[in-house]
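In the text below, chain A, chain B and the rest are named by the order of the sequence lines, each starting its count at 1.
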Number of protein chains: 2
Amino acid sequence: MGDQRAKDGKNTASDARTKPDATMSGADAMSSHVVTSADVAHAAGVSRSTVSRCMAGDPRISEATRERVQSIAAELGYHVNKIASSMNRRKSDLIGLVTSGLSDPFRIEFLDCLIGEIQQSGYRPLVIDVSDPAQMGRSMLNLLQYQVAGVVVTSGSPSPEIGTHYLRRNVPVVLVNRAGRLEGADVINCDNVLGGQLAADYFLAAGKKRLAFLNVRGGTYSGNVRGESFVSRLAPHLASGQISFRTLVCDSADYDGGFAAGLKYLVERENAPDAVFCAKDHIALGLLDAARFELGLKVPDDVSVIGFDDIVAARQGAYQLTTVRQSPQSLARMTVDRLHRRIGGESLGDERLILPVDLVVRKTA
Amino acid sequence: MGDQRAKDGKNTASDARTKPDATMSGADAMSSHVVTSADVAHAAGVSRSTVSRCMAGDPRISEATRERVQSIAAELGYHVNKIASSMNRRKSDLIGLVTSGLSDPFRIEFLDCLIGEIQQSGYRPLVIDVSDPAQMGRSMLNLLQYQVAGVVVTSGSPSPEIGTHYLRRNVPVVLVNRAGRLEGADVINCDNVLGGQLAADYFLAAGKKRLAFLNVRGGTYSGNVRGESFVSRLAPHLASGQISFRTLVCDSADYDGGFAAGLKYLVERENAPDAVFCAKDHIALGLLDAARFELGLKVPDDVSVIGFDDIVAARQGAYQLTTVRQSPQSLARMTVDRLHRRIGGESLGDERLILPVDLVVRKTA
DNA sequence: TCGTTGAATGCACACGTGTGCACAACGAAT
DNA sequence: ATTCGTTGTGCACACGTGTGCATTCAACGA
């Protein structure tokens with residue numbers, strides 16, 4: 001209440017005078033006052049420094065006092081003020097999570113794992129949504145205001161200029177399944193190239209003739225790489241004229257988009273593709289439903305479908321989607337591992353890390 | 001670098017001496033130094049206070065200086081240090097989001113809206129995952145360490161003891177679709193009672209005879225209320241023996257759980273229910289697939305299904321689920337509205353708010 | 001010319017913590 | 001007994017901001 005202007009130096013010998021309101025020094029009498037380290041120090045008869053060191057587990061503190069101080073702290077209900085701590089150390093234990101909405105199923109699964117990993121490492125996720133790509137720069141700068149210890153970008157591509165800001169402040173950045181190569185940042189991708197090849201090989205082995213790749217209009221980075229790898233694996237057979245290939249486009253990057261695309265492209269019985277590789281699982285699911293229920297096609301006989309990601313819905317009884325699997329757990333684990341090491345001061349060159357994928361054969365191809 | 005111990009008071013008349021490294025006062029020469037309000041003040045020839053007031057838009061500052069300071073701030077790349085600010089004001093602009101994993105589809109949609117609303121109100125969401133209910137208390141206390149401005153609980157039930165901690169610190173709490181009534185906290189629910197009644201009425205009007213309610217093992221608060229309301233609406237007809245009712249239980253709260261339950265309960269042709277009201281949409285979807293594809297039942301003729309929530313998947317072509325709709329947007333909007341007003345100092349009694357629901361009739365009932 | 005008023009800005013704190021350095025206590029070795 | 005090393009604590013800063021209060025300054029009326 002009163003401006004307790006008791007600076008550290010005063011409680012050397014004259015203890016009673018430093019606390020003007022010594023009357024209410026009973027356990028938790030003053031109920032509307034948040035207990036600080038000074039309170040604990042006072043109660044334990046030690047200095048604030050000692051309290052601080054006890055809470056941090058400084059080995060220079062004798063075990064006896066540590067125990068005593070900690071028990072008193074618990075009794076008083078003291079919790080370190082992380083804001084003050086962050087201010088002092090010029091670094092918080094927050095990790096920025098840049099994403100855009102919670103609609104992409106795989107991204108949700110990844111975020112789920114990521115949040116778990118972050119928490120388990122003693123950090124806290126600070127989510128920031130950039131639905132408008134133009135706000136990307138502002139948002140990432142804004143994140144810096146919170147003294148974040150690191151940032152994970154799962155959507156959008158930060159400009160190089162942003163990168164230098166982060167570099168200057170020594171705040172590590174990890175781009176996950178993103179295009180941009182950012183100076184001083186790690187870029188982690190699943191093996192999109194291998195994924196495309198696996199799909200191509202499988203279709204070829206199955207004797208499919210009219211192959212297609214279904215991408216989102218505009219195309220995402222990951223989608224483009226998958227498609228290019230797919231078609232380049234097809235190249236030899238294309239040259240010899242044994243098979244045909246075309247690229248299909250759907251208007252929205254979700255189930256409905258895939259559904260609409262299915263109605264549009266699979267309707268013509270003769271020229272329609274008999275094998276479709278989809279850039280993302282949930283698009284594949286839409287396509288699948290259109291084929292099976294709207295057009296009455298047999299899957300995989302009339303048309304084969306392979307997706308990408310292996311989201312949970314792909315495993316469900318109704319779909320049993322054949323797909324290229326990437327592991328959100330591995331992705332998340334590697335992400336925070338890199339962050340953790342960089343935060344710890346380890347200096348790693350900016351690398352481009354690639355995680356394995358494999359083809360999970362179910363019932364749609 | 002050197003301990004610039006230039007306190008405020010010193011730069012009254014002797015300006016040059018306060019900055020020991022006056023040599024590199026060119027725009028942004030010293031690259032590894034984060035620019036503070038003091039730098040801006042120095043560059044603009046005003047005091048730190050003025051800079052602070054300019055950034056905050058204090059009306060007492062003349063428009064001329066405000067513009068000048070702001071342009072200089074922009075030029076120098078100055079951004080307010082929110083940690084320091086939070087420390088001073090003893091309140092951050094973070095809002096804690098207590099959840100458990102990202103698996104429940106409706107909760108994801110709600111969080112999506114919620115994050116948007118929070119951001120739009122100038123706050124930032126700090127996510128915290130409590131998969132282990134035993135960690136609930138510790139987690140919510142931990143949140144307090146970040147000086148959060150408010151908290152939204154979407155999973156688990158905080159103990160009254162936690163409530164008093166928040167009450168003491170004047171940090172508002174909103175429980176969404178939760179059971180517990182917490183002192184000083186708002187509780188927002190959708191109209192579970194009406195939802196159950198709507199489902200019951202619809203089944204009765206359709207002439208269904210063997211009704212059932214599919215709940216999760218153990219039962220969530222919302223689920224229980226929905227089921228109880230459903231069966232109590234059925235009571236008169238049950239008494240007259242025209243219909244029968246039973247409660248079904250599935251082992252996991254997801255699609256697979258519903259699928260398994262479908263296989264288990266719908267297999268017996270005669271006694272199997274001909275109308276099932278499900279506690280949650282994604283369970284309903286599992287049940288639906290089991291009925292249609294595994295057991296070859298006709299929906300809604302052989303068995304009618306009504307879900308709850310109206311998640312996006314329910315609207316998809318493959319399902320067309322009839323369900324009780326609640327609006328994640330409204331829920332989110334009301335949540336941050338309450339938070340916002342409470343943070344602003346408005347003192348509202350702890351209320352129990354109920355949002356409307358309605359029945360969306362599609363093709364499964 | 002002087003006092004008064006209002007507007008604009010500067011001063012001096014306070015917020016709660018971490019940490020380098022100094023210092024005290026104390027046992028051991030000479 | 002004196003010196004030295006070791007172990008445990010305390011002191012005094014610094015982190016970057018917001019804000020009550022004092023102060024300055026110009027304008028204005030008497």
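- A donor-acceptor contact shorter than 3.5 Å links the side chain of B/Tyr166 to the backbone of B/Met140.
- Whole-Å rounding puts the B/Lys82 NZ to C/dC15 C1' distance at 18 Å.
- A/His79 has its NE2 atom 15 Å from the C1' atom of C/dG16, to the nearest Å.
- For the 3.5 Å distance criterion, the side chains of A/Gln147 and A/Arg89 fail to qualify, holding no donor opposite an acceptor.
- Using a 4.0 Å heavy-atom cutoff across all strands shown, B/Ser52 reaches at least one base atom of the nucleic acid.
- Salt bridge status for A/Arg66 with A/Asp58: absent, with no side-chain N to carboxylate O gap under 4.0 Å.
- Contacts of B/Ile61 with the nucleic acid, taken as non-hydrogen atoms under 4.0 Å apart, involve only primed sugar atoms and P, OP1 or OP2.
- Closest to the side chain of A/Arg89, from the set C/dG18, D/dG10, D/dG18, is C/dG18.
- Remark: the B/Ser49 side chain and the D/dT19 base include a donor-acceptor N/O pair separated by less than 3.5 Å.
- Salt bridge B/Asp93/B/Lys82: present, at least one basic N to carboxylate O contact under 4.0 Å.
- Checked by distance alone, A/Ser47 brings no side-chain donor or acceptor within 3.5 Å of a matching partner on the base of D/dC11.
- Contact check, A/Ser85 against C/dT17: no side-chain N or O comes under 4.0 Å of OP1 or OP2.
- In this structure, of C/dG20, C/dC11, D/dG18, it is C/dG20 that holds the atom nearest to the side chain of A/Arg53.
- Enclosure of atom CZ in A/Arg169 by more than 12 non-hydrogen atoms of other residues, nucleotides or ligands within 6.0 angstrom is indicated.
- No more than 12 heavy atoms of other residues, nucleotides or ligands shown are found within 6.0 angstrom of CD on B/Gln120.
- In this structure, A/Arg90 atom CZ and C/dG18 atom P are separated by 13 Å, rounded to whole Å.
- Between B/Tyr78 and D/dT17 there is a side-chain N or O to OP1 or OP2 distance below 4.0 Å.
- Interface remark: the B/Ser62 side chain does not form any donor-acceptor pair with the C/dT9 base, using a distance-only criterion of under 3.5 Å.
- Atom-to-atom, OH of A/Tyr146 to P of D/dG16 comes out at 18 Å; the value is rounded to the nearest Å.
- Within 4.0 Å of B/Ser37, counting heavy atoms only, lie sugar-phosphate atoms of the nucleic acid but no base atom.
- Distance A/Lys91 NZ to D/dA14 P: 22 Å, rounded to the nearest Å.
- Axis angle, first five pairs versus last five pairs of the helix from C/dT1-D/dA30 to C/dT30-D/dA1: 60°, rounded to 10°.
- Listed candidates were C/dG10, C/dT17, D/dG10. Nearest to the side chain of A/Thr36 is C/dT17.
- Here the closest non-hydrogen pair linking A/Ala41 and A/Arg48 is CB-N, 3.7 Å.
- Note on A/Arg333 versus A/Asp337: no salt bridge recorded, every NZ/NE/NH1/NH2 to OD/OE distance being 4.0 Å or above.
- At C/dG10, one or more side-chain N or O atoms of B/Thr50 fall inside 4.0 Å of OP1 or OP2 (strictly under the cut-off).
- Checking C/dC15, D/dT9, C/dG10 against every side-chain atom of B/Asn88, the shortest atom distance belongs to C/dC15.
- The base of D/dG18 sits with one of its N or O atoms less than 3.5 Å from a complementary donor or acceptor on the side chain of B/Arg48.
- If you take CD1 of B/Ile83 and P of C/dG18, they are 14 Å apart, rounded to a whole angstrom.
- Taking atom CE of residue B/Met87 and atom P of nucleotide C/dC15, one finds them 9 Å apart after rounding to whole Å.
- Look at CZ on B/Arg60: it is 16 Å from P on D/dT23, rounded to the nearest Å.
- At a threshold of 4.0 angstrom between heavy atoms, the contacts of B/Thr65 are confined to the sugar-phosphate backbone, with no base atom among them.
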